[in-house]
Amino acid sequence: MMEANGQPNPQPQGQPFDEEPIDLRKYWEIVLKRKWTILAAFVLVVGVVGVYTLRQPKIYSATATLIIDAQLPQVLGGEVREAVEIGTGSYWYNKEFYETQYRVIKSRAIVERVVEQLGLAHDLAFLGIDKLPPEKREEALKKADPALVLQAKLKVEPVKDSRVVQVIVEDRDAERAARLANSVADAYMQANLERRVEGTKDAAEWLQDQLADLKTSLSESEHALHSFKEQNDLIYTTLENRQTITSQKLIAINDTLTRVKTKKAELDARVKSVRAASQSGDVNKVMQLGIVASNSFINDLKKTYSTALNEVADLAERYGPEHPKMKAAQEKLENAKKSLMGEIDAIVAANLSDFEELVDTEKNLMRMLEEVKRESFEVNKKEIDYKRLAREEENNQRLYELVLKRMKELDLSSLLKTNNIRVLDPAKVIRRPVKPKVQTNLALAAILGLFGGIGLAFLIEFQDRSIKGHEDLEALGIGFLGLIPSIPGDGEKPSSRDLYILREPKSTVAELCRTIRTNMLFMSPDNPAKRIVVTSVAPQEGKTTAVINLGITLAQAGARTLLVDSDMRRPRLHKSFEVSNEVGLSSLIVGDSTIENAVKTTEVPGLFLLPSGPVPPNPAELLHSDRFREVADKLAGQFDRVLFDSPPVGAVTDPLLLANELEGTILVAKMLRTDRVAAERAVKALRGANAKLLGAVLNDVAVDKRRYGYYLGYYYGYGRYDQERKGAT
């Protein structure tokens, strides 16, 4: 917002600034303003792309379609495996497998096959050197690499979610493109089949060598096993039988030895008991022994002994010890006892003999047991060697049979010419070129040219620092008084343009100048400025025309107005009104003339002119003198309004001196000419000189500018309506 004195109205504290909404109309105005730039960029891009596209050679495309299976056809079933594995069926393996095949199709090995088959190394048209001069063809032919040329023309594109692969060749000749595509497909299929056959052949040769070695190893292991059997008497029996016999021997000897030891223990105990009883001399005790009691002969002797004992007992009752009967009985008893004890001793001796026999038997059995144990250990040791030899023979036999079986499988599979690749659709000759894509390129060029032109227009616009509208002036912190359209006129005669509103009072220019006058008067209605400086930022921005137009409108409004040409460096007001410049402002300041002699009348009633007078060597010193202040005060006393035409602010210091001395200052800016930065510096300089800025005027606004079209059209239509109305009257 602006105050009445033209100073910016500060934003109240605490009140946030409203975000400025995006004004699409502003961008549209930029587009319309720079339409010729956009059109030039559009035409340039489309033209360049069009010429380039049409100059490109026509390229034709041919496509051969293949089906690549992950596995070979199982003609012999799943029992016979190929030497070269194609695929396993897993997702990730198949993914890698297909990606590998795409690279193989485009590999140098495949394209070199095609180059050799079709003789492309000497095909000048294929190599693209057929249009060279004859003297350069030989050298170009030596440097050419037909494999790289074919690789550049070749593309491999898999069809998504399928096993189908497209082999695409692009060439300047449609027939050659189809021939190349089919040749690449055939070469790839043949290379794949040869790889499988060569792999099978190499594997078969390697297996043949291994089979010979395994046969020798098997024969050696069989002979070693036979020699071992022969050396260890295993020809007619087996090692297992030998182990069984040895085990049975051990069991039998152990059983016999156990029985012998048991019987030995029994005899030992029996002999010891009989010997102890015999040594005691107690016949009854001896008779109680089982070995004695069970002997019938001893039982008879026992009865004889008992009879003799009873007889001695009977005789002892009747006879004394010395009695002959008693002695005979005693002798009989002794003889019976000796016979009994002698028989017992014979029994003991017989048992002792049996005991010693058992001891010898035990020793023999122990010796036999040790021999059988040694034999068992020998058998176990032989078993280790036997198993080792048998295992070697078995392993060699199994490996030999495995390799023999695999070699038979490879011999059988090598006879099959199966392939996991087959042609679905061969390439056909298509005489419709795929390149250059004229419509696509032109469409892209049109889009690029349009947006590039718009971008260039915005770039130029944003790089352009000139004043483009009243918003730029208001952004400097000064009020906007109005605008002056471009005034038609003769460039060689400035008065035709300066006095245009006098000749055309009902024109749009006149109406807008009267609007500027009204806005200027409203700026300070309570304390109107009588002496006003009109200046500009730089030369050739229309300040003199603005001064004249403003003076004419003030005079037409009834104000006694004086135009003072204070530009004593390049004066021009006297030329516009075609008056003499011999006497003027410089004459008044130095005292060479009076106001009455210096002021000139004009053809505009109420408008007077004070020319600059002779150009002094020091204009700034004259304007800064007390004499100038006196002259300015006298002029203000004789006229209602005094307008000073000043030099530009950016050129000299004269306007700053005038602005400091006088009551008001108006800044004139030329649309699309005045630099915003220079205008900002000019405003700062005027404010630094304590100038009272009444506002700014935007000069030389083109009537066809879209942003002011409605505004200017309104006044233009209004003026024509008024003229027509008066003419009708």
Side-chain angles (χ1 to χ4, degrees), residues 1-2 8 11 16-53 437-486 512 536-542 650 667-684 695-714 716:
M1 296 179 62
M2 304 295 298
Q11 185 79 11
F17 289 94
D18 294 335
E19 293 185 1
E20 184 178 355
I22 298 176
D23 189 1
L24 297 179
R25 185 177 60 184
K26 178 180 179 181
Y27 296 114
W28 178 243
E29 291 173 355
I30 294 176
V31 171
L32 294 177
K33 175 183 174 182
R34 305 287 181 180
K35 59 181 179 292
W36 296 113
T37 301
I38 298 173
L39 181 60
F42 177 83
V43 173
L44 177 64
V45 173
V46 173
V48 170
V49 172
V51 172
Y52 174 79
T53 300
K437 299 179 180 179
V438 179
Q439 295 180 351
T440 302
N441 292 350
L442 291 179
L444 293 176
I447 295 174
L448 179 63
L450 178 61
F451 285 98
I454 293 174
L456 179 63
F458 277 94
L459 178 63
I460 296 174
E461 182 70 19
F462 293 140
Q463 291 295 324
D464 184 7
R465 300 190 305 178
S466 63
I467 299 294
K468 302 178 182 62
H470 65 277
E471 298 90 347
D472 295 334
L473 294 174
E474 291 175 346
L476 301 176
I478 58 178
F480 178 64
L481 298 178
L483 56 87
I484 300 175
S486 298
L512 291 174
S536 63
V537 178
Q540 303 297 322
E541 292 185 352
L667 184 66
V668 177
K670 187 174 183 179
M671 186 175 181
L672 303 179
R673 173 72 179 272
T674 303
D675 186 87
R676 289 196 304 270
V677 178
E680 183 178 2
R681 288 197 296 265
V683 171
K684 288 182 179 180
V697 174
L698 185 60
N699 186 36
D700 200 16
V701 178
V703 177
D704 59 345
K705 295 300 179 185
R706 183 61 62 97
R707 67 183 309 175
Y708 295 113
Y710 177 79
Y711 186 66
L712 298 177
Y714 171 77
Y716 178 74

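As the structure is a prediction and not an experimental result, all values here were calculated from the model.
Between Ile484 and Leu512, the closest side-chain pair of non-hydrogen atoms is not below 4.5 Å. With contacts defined as side-chain heavy-atom distances shorter than 4.5 Å, the pair Leu483/Val697 does not qualify. Between Ile478 and Glu474 the shortest side-chain heavy-atom distance does not fall below 4.5 Å.
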Passes side-chain contact (heavy atoms from CB on, under 4.5 Å), Ile460 versus Thr37? Steps please.
CA-CA 9 Å; Ile460 296 174; Thr37 301; 3.9 Å; yes
Take Glu680 and Lys684 through the salt bridge (Lys or Arg N to Asp or Glu O under 4.0 Å) test and state the conclusion after the steps.
CA-CA 6 Å; Glu680 183 178 2; Lys684 288 182 179 180; 3.7 Å; yes
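Considering all non-hydrogen atoms of both residues, Val677 and Arg465 come closest at CG2-NH1, 3.3 Å. Nearest heavy-atom pair across Val537 and Ala682 is CG2-CB, 4.2 Å. Closest non-hydrogen pair, Gly50 versus Leu442, comes out as CA-CD2, 3.7 Å. Closest approach of Val31 to Phe458, counting heavy atoms only: CG2-CE1, 4.1 Å. Heavy-atom minimum distance, Ala41 versus Gly453: CB-CA, 3.5 Å. Listed here is the closest heavy atom pair of Val45 and Ala445: CG1-O, 3.5 Å.
The only option from Thr674, Ile467, Val683 that meets the side-chain contact (heavy atoms from CB on, under 4.5 Å) definition with Leu473 turns out to be Ile467.
Between the side chain of Lys670 and the backbone N or O of Val668 there is no donor-acceptor pair closer than 3.5 Å. No donor-acceptor pair closer than 3.5 Å links the side chain of Asp700 to the backbone N or O of Glu541. In terms of modelled atom types and a separation under 3.5 Å, the side chain of Arg676 and the main chain of Ser466 share a donor-acceptor contact.
In this structure, CD1 in Ile38 is found 11.5 Å from CZ in Phe42, a value given to the nearest 0.5 Å. The distance from atom CG of Leu456 to atom CD of Gln463, rounded to the nearest 0.5 Å, is 11.0 Å. One finds the OH atom of Tyr27 at 13.5 Å from the CD1 atom of Ile454 (value rounded to the nearest 0.5 Å).
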